[in-house]
Every structure is written in C-alpha cells, then in structure tokens.
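Taking it in order: structure first as structure tokens, then the write-up.
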Amino acid sequence: MSSAKEDRKEGEVVELARRRGFLWPAFEIYGGAAGFYDYGPLGALLKRHIETEWRRFYGIGEGFYEIEATTIAPKDVFEASGHLKSFADLAVVCKNCKSFFRVDDELNINKKCPGCGGELVEAGELNLMFQTRIGVSKGESAERDQKKSEGYLRPETAQGIFINFQRLIRFNRDKLPLGVIQIGKAYRNEISPRKSLIRLREFTMAEAEVFVDPREKNRHPKFDTVKDIVMKLVPGEGAEVEKSLEEAVRSGLIANEYLGYHVVKVGEFLERIGIPKDRLQFRQHRKDEMAHYARDCWDAEFLSDRYGWMEIVGVADRGDYDLSVHAAFSKVDMSVHTEVEGEAAAEKVVPHVIEPSFGIDRIFYALLESSLYNEQVGKEKRKVLRFKSEIAPIKAAVFPLLNRDVLKEKAKAVVQILRDESVFAEYDGSGSIGRRYRRQDEIGTPYCITIDYETLEDGAVTIRERDTMKQVRVPIADIKGFIAEK
RNA sequence: GCGUCGGUGGUCUAGGGGUAUGACUUGGGCCUUCCAAGCCUACUGCCCGGGUUCAAAUCCCGGUCGACGCACCA
C-alpha cells in the first residue's frame, strides 16, 4: 500500500473509467464529438452521490435554498450579465510571432500583425456561448422576430439565481444574508476542449450564491468555528503560504470573512467526499485573470498526477456586480432595505455576492484519480478505487462461495434483503471468488458479502472489507448496521 | 483554431497491397469451502468518406477522434 501512488500510471484512470462504465465519449458510434462525455451506469451513480453530498453540505448544513432555473435564456440576460459583450468577435493569430488578437474596428483579418507585421490567420470565435432561437420566426417580420428570439445556453448557472433575486429575497422575508444553490448543466463552446473531463463543452456546475449586506462582509456569524483551519494558500502576487483562515483574513490576503469562510468550507467539502488535503491548495487569481464580474477570486486546485495543479472550484467575491447590472438593464430594483447592528438607520443596499462555484465533472475526475491505487496482493496486482463508502457507486456485492443452487438462491435473497433496506447491492456469481473481489475492488465497492454453507445453518455471512481485505462474520440482519457504522 | 504524431475485438497489442496475431476481459460449461488458479467452449475488431489498384486495414487525399506543443479558457 505504501508505494501505491508511485505505481499509478498516467492515463490509466480514463481507461478504467471507460472500461468499467463510469465515463464514455459521447456520440461514439457517429465518430464522437470533442468536449462531450456521457456518464455510464457507475459514473452516473458516483456523480449523483457527489451531488447528494453537496446538497447535504450546503442545503442542509448551511441552510441554503436550492432552486432550478432554466438552462436557456434570452439574449437580454447575457447582455446584462456581460457575457455577450464579445459576441461574434473573431480572434486572429499571427503566423509569424504567434501573438493573439481580437478582431475589432482597428484590426481585421486583412491587416498585418501589429506586433511584427506577420500574416494573420483566423483562430476562432471568442464568445463561447451556444446560440439558439426561442420560438418560431416566419413571415415578413422574420428578421425582426429573429432578433427578438435570440437565446443562449447558459455558460454558468449563476444568472438563474440573480435574475430571480427579488423573488428570492421576498421568499426570505427581505432578510440578508441569503444563500441560494443550484446544480445543473452549463455550456461553453470551447475552442479546444481537451483532457477528458477537464474542459468540456457541456458540464455540470454546482453553485452557491451567498447574498450579504456589504457592511457585514467582515462579520460572518460562524467565522469562529472555522478561523483556526490552516490552508495552503497561493497569493496572486508572492509565494505560497500556510496560514490559518484568521491570519489570512486579518492580514488582508483574503479580502473578508465571508469570502474566507467559504474558501474554508470548499476545502471541508472536498475532504469530506474523499479528496486528500495534501492534494489541495487555494490559489488567488491575479488581477489579469479575474472574470469580468469578480473582485477577488480563490480557486481550489487539485494536484493531479496527470495534469498537475488544476482548478476544481472557484470562490469569487462578485461584489454587487450582478445585481447592479440586472437592476440597470431590467429596471427592477435589486436593493434590500435592511438594518445592520450598530448602524443607526435602516438603509437600502445592493447585496454583495460570494460565490463558491464547483465544477462537478472535474471533481469527479479528481476523485477517480486520487482514489485509484495499484497494489500487490501475493503474486497478483489489484486495482482498487478507495471511495468513501457514502459515495461509492455500489455499496455491497453478494457472492455465493460456490456455484451451487442453494448458495446462489441464498445470495440472491440477501441482495433483495439489502435492496429492501435501501442498500445498493449487486449479485455476482461468475468466475472464482477472487476474481469477483477484484472486479468489485476496481469499481470501488466497499463491501463484499459471501454466502457459504454455514450461512444456511447460522444465518451469518462473511463481509470482506475492500481496503483491508479483512473478513468478519455478521448475521444477515446486522449487515446494514455493520455497513452503516463504518 | 494552427502544428506534430497517432487510431487494429470490451481492453492492450502483432502485422501490414490478397479481409488479421497474441494476451487479458466477457458469456456458457467442468472443477473449486474465500482474494484475477486450471481445463473446455463461445462472442467480438482494422475510425469515417473519397481516390489509386484486379485487390486497400495497409498507399494517397479529406474528415473525425485522441495525445502533445502554441493559442484560448467569464
């Protein structure tokens, strides 16, 4: 087990995921399409378990409300949000010096490179939103209708929350802070999607938008519960540091308590689902890489064997950017009349937004990679996915020790007992017992249950634990409890 | 988007102008009282389109997908 990580081969994760039904390239029979993946049976289970833990963490743990907004929105939304600003702009690249330029009034494809005078070639559209039409346009007014009918697939889930803000704040009886979460698909027409799940054209985001009175950004009510947690922080400028949250916020490295609280919480969540802390760091965006809406942004990065440090979560302080632009474009008041402790009078303020934004697919990849171990067992190798029990796709597999009808029937009966108790269990009677253990190891099933002749007499089974390969004898009635305890 | 290299059963692979090698996996059977054992048996393949040729998996062109580099990544 000690050298397991060193044994891990690059690329093996993706191969395993494909072979065992976690993840498949989409549209394979038609030649495929870059940037699209389908989740197979085990992948869909694993992904859903990640999402369930996320809902538990933010929905129940933080008391945030989940909504489900549309994935398509009319042009107005993205005109206001700023996402459309560069629509239809072409990018060009200089053949000679490889400099990259945006095509605009000053510069077009027929001109020479402003840097070196070299020839320019087209390098794609800069706006990455998928465009569509809402409704039918026909007849004489087609052109005008088409303009009205322009719609886009959302490039982030967040806008669905912002545009519902006046509804949401009323729902919350006009009180701040207010946390709203959403899990769903987002779409970006990437110029060059690559690296399996790392850059997709259709992907799943889980986002929380935390609305807070700007005067209270430095008074998070639960700050004390997390202030001593130490994180590896990489500032936008300067060297990486290990600091407690309290030190990071007091020194001004992290802008305020709310942002800091959520940075810590992101780390807590990632560890909870099984991503090792020593593979995590938080990196602050430099000014020049910040999104158009962000004031400060910290990425949670995962250290991948294959891809190096990669962003899996972003925590942004979006300030009042989104509510202000939607208020301006829609003419709907997005301010809240609130009172703040210690301030004399109630005041109308536009709330600020702290946004932890999770790339579920990337987290899925990080989890697969960091859970995969190659081990030597006797003369054989075993591949094992050490998923936490709660997120493993399949909780238990039940085997007859021998290929005999009485044992097979008993094993199938035990599977049904577990299913009736809401334990996701599977039957496997093919091949040798060792082969069946290996099969389950490779998909991360934490418990294998074996039925033997003694079971028929004493009603007890052998449970073999995935990571230790130890076996214990447990009465059938206690299986669920045994599994739950661990 | 550009450039380089590549694509052979589910996976990995040999070969390479005359429809293809081996291993593993998978299904069925025998054997087997706990960690990929053994034996028998079965299924499955040359990325797509066009061209050259008597004949293309093989050569040529285009596309597509993938890896890597550049660029992009709200």
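All chains are named by letter (A, B, ...) in the order of the sequence lines, taking the proteins before the strands, and each is independently numbered beginning at 1. All values below were derived from every heavy atom in this structure, side-chain atoms included, with hydrogens, water molecules and symmetry-related copies excluded.
- Of the candidates B:U33, B:G66, B:C35, B:C35 carries the atom nearest the A:Arg438 side chain, counting heavy atoms from C-beta on.
- Of the residues in residues 315-327 of chain A, none has a non-hydrogen atom less than 4.0 angstrom from any atom of RNA chain B.
- Of all nucleotides present, only B:C5 satisfies the Watson-Crick or G-U wobble test against B:G66, with each distance under 3.5 Å.
- Annotation for A:Phe162 and A:Leu323: closest pair O-CD2, 4.1 Å, computed over non-hydrogen atoms.
- Atom C1' of B:C39 sits at a distance of 40 Å from the matching atom of B:G6, rounded to the whole Å.
- When heavy atoms are screened at a 4.0 angstrom cut-off, A:Ala294 is found touching no nucleic acid atom at all.
- Relative ring orientation between A:Phe36 and A:Phe130 is described as tilted, the plane-to-plane angle lying within the 30° to 60° band.
- A donor N or O paired with an acceptor N or O is not found under 3.5 Å between the base of B:C73 and the side-chain atoms of A:Glu190.
- Contact annotation for A:Ser81: no contact, since no heavy-atom pair falls under 4.0 Å across all strands.
- Counting non-hydrogen atoms under 4.0 angstrom, A:Asn403 reaches a base of the nucleic acid.
- When the side-chain nitrogen and oxygen atoms of A:Arg194 are compared with OP1 and OP2 of B:C72, none of them lie within a distance under 4.0 Å.
- One atom, CZ of A:Phe27, and another, C1' of B:C47, lie 17 Å apart when rounded to the nearest Å.
- A straight line from CD of A:Glu207 to P of B:A74 spans 14 Å, rounded to a whole angstrom.
- Relative ring orientation between A:Tyr447 and A:Phe482 is described as perpendicular, the plane-to-plane angle rising above 60° on a 0-90° scale split at 30° and 60°.
- Of the C1' atoms belonging to B:A67 and B:C30, the separation is 45 Å, rounded to the nearest Å.
- In this structure, of B:U33, B:U11, B:C73, it is B:U11 that holds the atom nearest to the side chain of A:Glu15.
- Residue A:Leu402 has its side chain nearest to B:U33 when only B:A74, B:U26, B:U33 are considered.
- Applying the 3.5 Å distance criterion, the base of B:C34 shares a donor-acceptor pair with the side chain of A:Thr462.
- For the pair A:Ala291 and A:Leu401, both in contact range of RNA chain B, the more 5′-proximal nearest nucleotide belongs to A:Leu401.
- Across B:G15 and B:A57, the matching C1' atoms stand 10 Å from one another, rounded to whole Å.
- B:U21 makes up no base pair with any nucleotide shown, lacking Watson-Crick or G-U wobble contacts both under 3.5 Å.
- Between A:Arg436 atom CZ and B:U26 atom P the separation is 12 Å, expressed in whole Å.
- Across B:G3 and B:C61, the matching P atoms stand 14 Å from one another, rounded to whole Å.
- In this structure, A:Glu12 CD and A:Arg19 CZ are separated by 8.5 Å, a value rounded to the nearest 0.5 Å.
- In terms of phosphate contacts, A:Ser432 brings no side-chain nitrogen or oxygen within less than 4.0 Å of OP1 or OP2 of B:C34.
- Nucleotide B:U53 has no partner under the Watson-Crick or G-U criteria, as no pair reaches both atom distances under 3.5 Å.
- Rounded to whole Å, the distance from CZ on A:Phe399 to C1' on B:A36 is 12 Å.
- For A:Arg435, the side-chain atoms get nearest to B:U25 when compared with the rest of B:C35, B:U25, B:C34.
- Across every strand in view, B:A36 sits unpaired, with no contact that passes the Watson-Crick or G-U test at under 3.5 angstrom.
- Checking B:U33, B:C35, B:A74 against every side-chain atom of A:Asp452, the shortest atom distance belongs to B:U33.
- For A:Gln131 and A:Glu150, the side-chain atoms include at least one donor-acceptor pair closer than 3.5 Å.
- Taking atom P on both B:A37 and B:A20, the two are 31 Å apart, rounded to the nearest angstrom.
- Among the nucleotides B:G66, B:G10, B:A36, the one closest to any side-chain atom of A:Arg19 is B:G10.
- Salt bridge absent: A:Lys470 and A:Glu465 never bring a charged side-chain N and a carboxylate O closer than 4.0 Å.
- If you measure from atom CD of A:Glu311 to atom P of B:A74, you get 8 Å, rounded to the nearest angstrom.
- With no hydrogens or angles considered, a side-chain donor-acceptor pair links A:Lys47 and A:Thr204 at under 3.5 Å.
- In this structure, A:Arg199 atom CZ and B:A67 atom P are separated by 12 Å, rounded to whole Å.
- With RNA chain B read from its 5' end, the first of the two nearest nucleotides for A:Arg18 and A:Val377 is the one closest to A:Arg18.
- Of the listed nucleotides (B:C34, B:U26, B:C65), B:U26 has the atom at the smallest distance from the side chain of A:Arg439.
- The gap from the C1' atom of B:U25 to that of B:U13 amounts to 14 Å, rounded to the nearest Å.
- A:Glu442 comes within contact range of at least one nucleobase, with a heavy-atom separation under 4.0 Å.
- The interatomic distance linking A:Arg404 (CZ) with B:C30 (C1') rounds to 10 Å, in whole Å.
- The aromatic rings of A:Tyr321 and A:His292 sit perpendicular, their planes meeting at an angle over 60°, well past the 30° parallel limit.
- On a pure distance criterion of 3.5 Å, a polar donor-acceptor pair joins the side chain of A:Arg464 and the base of B:C35.
- Between the CD atom of A:Glu28 and the P atom of B:G45 there is a distance of 15 Å, given to the nearest Å.
- A distance of about 15 Å separates the C1' atoms of B:G18 and B:C59, rounded to the whole Å.
- Donor-acceptor pairing under 3.5 Å is lacking for the side chains of A:Gln471 and A:Thr462.
- Nearest to the side chain of A:Ser192, among B:A74, B:C34, B:A71, sits B:A71.
- Nucleotide B:A74 is matched to nothing when pairs are restricted to Watson-Crick or G-U wobble geometry with both distances under 3.5 angstrom.
- Ring geometry for A:Phe64 versus A:His262: interplanar angle of 30 to 60°, hence tilted.
- The nucleotide whose nearest atom lies closest to any side-chain atom of A:Gln471 is, among B:C73, B:U11, B:C35, B:C35.
- Between the side chains of A:Thr450 and A:Tyr437, a donor-acceptor pair is found at a separation under 3.5 Å.
- Among the heavy atoms of the strands lying under 4.0 Å from A:Tyr453 is at least one base atom, whether or not backbone atoms are also near.
- The partner of B:C31, taking Watson-Crick or G-U wobble pairs whose two distances both stay under 3.5 Å, does not exist in any strand shown.
- B:U8 and B:G45 are spaced 6 Å apart, taking the C1' atom of each and rounding to whole Å.
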